[in-house]
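Everything below concerns the one structure shown next.
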Amino acid sequence: MANEAGGRARRTRAERSDSVRNRERLLAAARALFATDGLHAPMDRIATTAGVGPGTLYRHFPTRLALWEAVLEEPLQAQLDLVERALANPDRWTGFAGYLLETCAQEAERGGFLNLMTTRFDGAPRLMELRRQIQRRIVELVGRARSEGVIRPDFTTEDLVFITLSNSRVAEVTRDVAPNAWRRNVELFLDSVRPERAHPLSQPPMTPGEVARTVARPVFQREP
């Protein structure tokens, strides 16, 4: 009986060890594919990259949202830290410009997560709260820069959202030919928001609701 119990215990420990290894492989694969292919990278490709079957993937992460919860808290926290550092900079222009350059660098490099700030996280309260904090601090960053006259008076947070979105596309199409071309794009943009460059614009800024409807994508609960 003792030998049988010992054998069961060893099998249980081995199964737990295998389960931990499989989970870590899945997390590593998800991080890599989210960075290169975006947050909607196919679940079956994540399983294949991890070297496990779909059943193993769904035992650990029954939905894409569950996988996002395990992977995305860290990069969202990094984004919050980034805007906090920008706010702490007493030079408002340097803080604003540095934040935008670093944010666009994260999007441009393969180590960044595409659409981290625009994908819906309904049902993931920790991710939603982190992003709400980031968004509140970004509003504060833009507001301070505008009130202190270092950016043009008609610049809005919604304008900032769209430069990061457009720059993601610039980085994507130029990455293999001119990997630093995105930086010129951002520097041109930064030059355009200086108050001395301000000229009347033909269109008003988009409202927060319009931006949300434009960039929001549905959450996938399960995929084949």
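Since the structure is predicted, the reported quantities are computational estimates derived from the model, not experimental observations.
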If the plane angle is over 60° it's perpendicular, under 30° parallel, otherwise tilted; pick one for Phe189 and Phe155.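 Phe189 and Phe155: tilted rings.
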Would you say that [X] contacts [Y] through its side chain, given a criterion of any heavy-atom pair below 4.5 Å between the two side chains?
X      : Y      : answer
Cys104 : Thr164 : yes
Leu82  : Tyr99  : yes
Pro179 : Thr174 : no

With sequence neighbours excluded, tell me which residues meet side-chain contact (heavy atoms from CB on, under 4.5 Å) with [X].
X     : value
Glu74 : none
Ala70 : Arg23, Leu27, Phe61
Ala29 : Ile46, Thr49, Ala50

Go through the steps to decide whether Glu24 and Arg31 satisfy the test salt bridge (charged side-chain N to carboxylate O under 4.0 Å, His left out), and finish with yes or no. CA-CA 11 Å; Glu24 290 304 315; Arg31 290 187 190 101; 5.2 Å; no
Give, for atom [atom1] of [X] and atom [atom2] of [Y], the distance between the pair rounded to the nearest 0.5 Å.
X      : Y      : atom1 : atom2 : result
Glu102 : Gln79  : CD    : CD    : 9.5 Å
Leu57  : Met43  : CG    : CE    : 4.5 Å
Ile138 : Thr157 : CD1   : OG1   : 8.0 Å
Leu33  : Leu39  : CG    : CG    : 11.5 Å

Heavy-atom count around Arg184 CZ within 6.0 Å, excluding the residue itself: above 12?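 Count not over threshold, so no.
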Pairing residues for [X] by the side-chain hydrogen bond (donor to acceptor under 3.5 Å, both in side chains) criterion, not counting sequence neighbours:
X      : result
Arg45  : Asp37
Arg169 : Glu172
Glu73  : Arg126
Arg25  : Asn22

My understanding is that only residues two or more places apart in sequence, or in another chain, count here; which of them pass salt bridge (charged side-chain N to carboxylate O under 4.0 Å, His left out) with [X]?
X      : value
Glu187 : none
Arg59  : none
Asp154 : Arg152
Arg144 : Glu140

Looking only at heavy atoms, what is the nearest atom pair of Glu84 and Arg137, with distance?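 Where Glu84 meets Arg137 most closely, the heavy atoms are OE1-NH2, 2.7 Å.
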Please collect all side chain to side chain donor-acceptor pair (under 3.5 Å) contacts where either partner lies in residues 86-98, sequence neighbours excluded, each pair once.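 Counting only pairs at least two positions apart or across chains, the side chain to side chain donor-acceptor pair (under 3.5 Å) contacts touching residues 86-98 are Asp91-Thr94, Arg92-Glu148.
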